[in-house]
Amino acid sequence: MKLNMRYDTKLFLANCIPILVFAVTSLIIGFMQFQSSLYDEKQGNLKSTALAALALYSSQGYGDYGRKADGNVWRGMNFNVSLETSIVDDLKKQTNVDITFFFEDTPEMTSIIDRHGSRFVETTAIDYIYNNTLKHGDQLWCRNIKINGRTCQAYVIPIRQASDNRVTGALMASQSTAGFENIIRNYILTMLMAALIIMVIALIFIRWCVRRLSNEYEDADKKSKHDLLTGLYNKRSFEEEVQKTIDTQKPDEVSVLLIFDFDNFKTINDTYGHAVGDDVLKSFAAVLVRAFRTHDLIGRIGGDEFMVFMPQMSAEHLKRPDEISQEILNELAAMTVGPAQHFSCSIGIGTDSTGYNFQKLYLLADKALYQSKENGKACYVRYSSDEVHD
């Protein structure tokens, strides 16, 4: 049974581990692809928003930027640029994202309101924006930046002078990642729950399959070790189990092997048929099972020959095999199986106290069986390792 449990566990793990690895790998890959596509979508949305905001801003009249004597930025066509310019609020209403205008490396207009209620922009990406957009005219995708201490995503596009196409400022469309992170978090939780449910169902199914295979394996293993007609050990498994038991016996323990050979069994088959003969063998096997101890080993060696191994016998109980043999002879004589009755068998008993292996113990019992047949059958003979020597 322990062997079967190990087989059960190995089979279960062999099926579960690849599925778990596949599930975890799929989750990771799926999450990475989802996150990547989400970022790509966000980038595209903010880019479109930034371009639309610049188009809306430019549609109100475009002119070159310049710096006035008081340090404020001036835009052509008499349009002043400052942090208080409300046009960014109009753009935010229309685009649903925060809009910030840079002149050189300074945010001059913004719809971002800090926690004090003032328009204020402080970003960790200012150098990045200056070196790429303001200096080289590149569009920028800022996946994760800090704006006023909050994690945001932003897309930045250059603003060029109408007169010479020179980059003089930039427009930044930005949005907090809070909602974005909620989407990812909800996605992860949903995927984990779905994966957990699927894995639980898969593991239950695998466990069911493993148990079924294990039962089939146990049945096959039992059939390979047991005689199909009587359910007793077959010859090979009986010899293996006996040798295992002999190997673990203590020095003061005695082993006893009994060989039973049904008398005139061919006559039973010829007279009553093989079906009756099979019933007789099954009935005889049942007699043996009832007669011996639960830990004694009983096997059908072939045809009408049976063996019983009695391990761990103490010296004071060595007469018990003889008593059991006589009880079996008496029960057989009174047994009726269908039309057949009055059976007998020849019994050879081998007793070992010298640490013999199975083969040597078998020779003792076989020699005793031969003698019982010579004595007229329907009897038992015992030989001991103390009496017989190689």
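One-based numbering along the sequence shown.
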Test side chain to side chain donor-acceptor pair (under 3.5 Å) applied to T245 - qualifying residues, sequence neighbours left out: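 None.
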| Looking at residues at least two apart in the chain, or sitting in another chain, which of them share a side chain to side chain donor-acceptor pair (under 3.5 Å) with S346? |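 So S346 forms a side chain to side chain donor-acceptor pair (under 3.5 Å) with D263.
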All salt bridge (Lys or Arg N to Asp or Glu O under 4.0 Å) counterparts of [X], not counting sequence neighbours:
X: K244; result: E241
X: D279; result: K282
X: K92; result: D98
X: K146; result: none

Is there a path of hydrophobic side-chain contacts, each under 4.5 Å between heavy atoms, that joins [X] and [Y]?
X: V242; Y: I349; value: no
X: L369; Y: L364; value: yes
X: L54; Y: F103; value: yes
X: V308; Y: I301; value: no
X: I324; Y: I259; value: no

Gap between atom [atom2] of [Y] and atom [atom1] of [X] - 0.5 Å precision:
X: I347; Y: K373; atom1: CD1; atom2: NZ; answer: 11.0 Å
X: S314; Y: K250; atom1: OG; atom2: NZ; answer: 12.0 Å
X: N234; Y: L228; atom1: CG; atom2: CG; answer: 8.5 Å
X: I159; Y: R166; atom1: CD1; atom2: CZ; answer: 13.0 Å
X: N144; Y: T124; atom1: CG; atom2: OG1; answer: 9.5 Å
X: E122; Y: I112; atom1: CD; atom2: CD1; answer: 11.5 Å

- For T267, which residues count as a side chain to side chain contact (heavy atoms under 4.5 Å, CB included) partner, sequence neighbours excluded?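 With neighbours one apart ignored, the set is N264, T271.
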- Query: Taking only residues two or more places apart in sequence, or in another chain, which ones meet T294 in a side chain to side chain contact (heavy atoms under 4.5 Å, CB included)?
  - Reply: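 Side chain to side chain contact (heavy atoms under 4.5 Å, CB included) check on T294 returns nothing, list empty.
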Is there side-chain contact between [X] and [Y], with heavy atoms separated by less than 4.5 Å?
X: I328; Y: Y380; value: no
X: D304; Y: D261; value: yes
X: E239; Y: Q243; value: no
X: L332; Y: S344; value: no
X: I268; Y: F262; value: yes

Under a plain distance cut-off of 3.5 Å, with no hydrogens placed, do T110 and T100 share a side-chain donor-acceptor pair?
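Their side chains do contain a donor-acceptor pair, which is all the 3.5 Å distance test asks for.
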Result for side-chain contact (heavy atoms from CB on, under 4.5 Å) between L361 and one of D352, V256, T351 points to D352
Test your reading of the model: is there a side-chain donor-acceptor pair from [X] to the backbone of [Y], 3.5 Å cut-off?
X: D366; Y: Y362; answer: no
X: H342; Y: A333; answer: yes
X: Q312; Y: Q249; answer: no
X: T230; Y: L232; answer: yes
X: S372; Y: G348; answer: no
X: E305; Y: G302; answer: no
X: D278; Y: L229; answer: no
X: T177; Y: T151; answer: yes
X: S237; Y: K225; answer: yes

Stepwise side-chain contact (heavy atoms from CB on, under 4.5 Å) test for L258 and M307 = CA-CA 6 Å; L258 300 92; M307 285 190 193; over 6 Å; no
- Task: Quick one: do V381 and E374 satisfy side-chain contact (heavy atoms from CB on, under 4.5 Å)? Show the steps, please.
- Result: CA-CA 10 Å; V381 174; E374 288 291 310; over 6 Å; no
- Which residue pairs satisfy the ring-ring contact (aromatic ring centres under 6.0 Å, His included) criterion with at least one member in residues 125-179, sequence neighbours excluded?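 Residue pairs with at least one partner in residues 125-179: there are none.
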For residues 288-314, the ring-ring contact (aromatic ring centres under 6.0 Å, His included) pairs (sequence neighbours left out) are F284-F306
Should we count CZ of R150 as having more than 12 external heavy atoms under 6.0 Å?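 No, the 6.0 Å shell around CZ holds no more than 12 heavy atoms from other groups.
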Can you tell whether the side chains of R293 and D296 come within less than 4.0 Å, N to carboxylate O? yes
Residue pair [X] / [Y]: nearest heavy atoms and the distance that separates them:
X: Q175; Y: N96; result: NE2-O, 3.6 Å
X: V276; Y: A340; result: CG1-CB, 4.1 Å
X: M172; Y: F102; result: CB-CE1, 3.9 Å
X: G137; Y: V167; result: CA-CG2, 3.8 Å
X: C345; Y: F260; result: SG-CD2, 4.0 Å
X: I246; Y: F358; result: CD1-N, 3.9 Å

Residue pairs passing the side-chain hydrogen bond (donor to acceptor under 3.5 Å, both in side chains) test with at least one member in residues 323-337, sequence neighbours excluded, are R290-E331, R320-E323, R320-E327, Q326-N330
>> So, using ring-ring contact (aromatic ring centres under 6.0 Å, His included) as the criterion, who are the partners of F238 when residues are at least two apart?
In response: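 In terms of ring-ring contact (aromatic ring centres under 6.0 Å, His included), with neighbours along the sequence ignored, F238 is linked to no residue.
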What verdict does the side chain to side chain donor-acceptor pair (under 3.5 Å) test give for D90 and Q94, after you've listed the backbone C-alpha separation in whole Å, the side-chain angles of each residue and the deciding distance to 0.1 Å? CA-CA 6 Å; D90 296 334; Q94 296 179 66; 6.0 Å; no
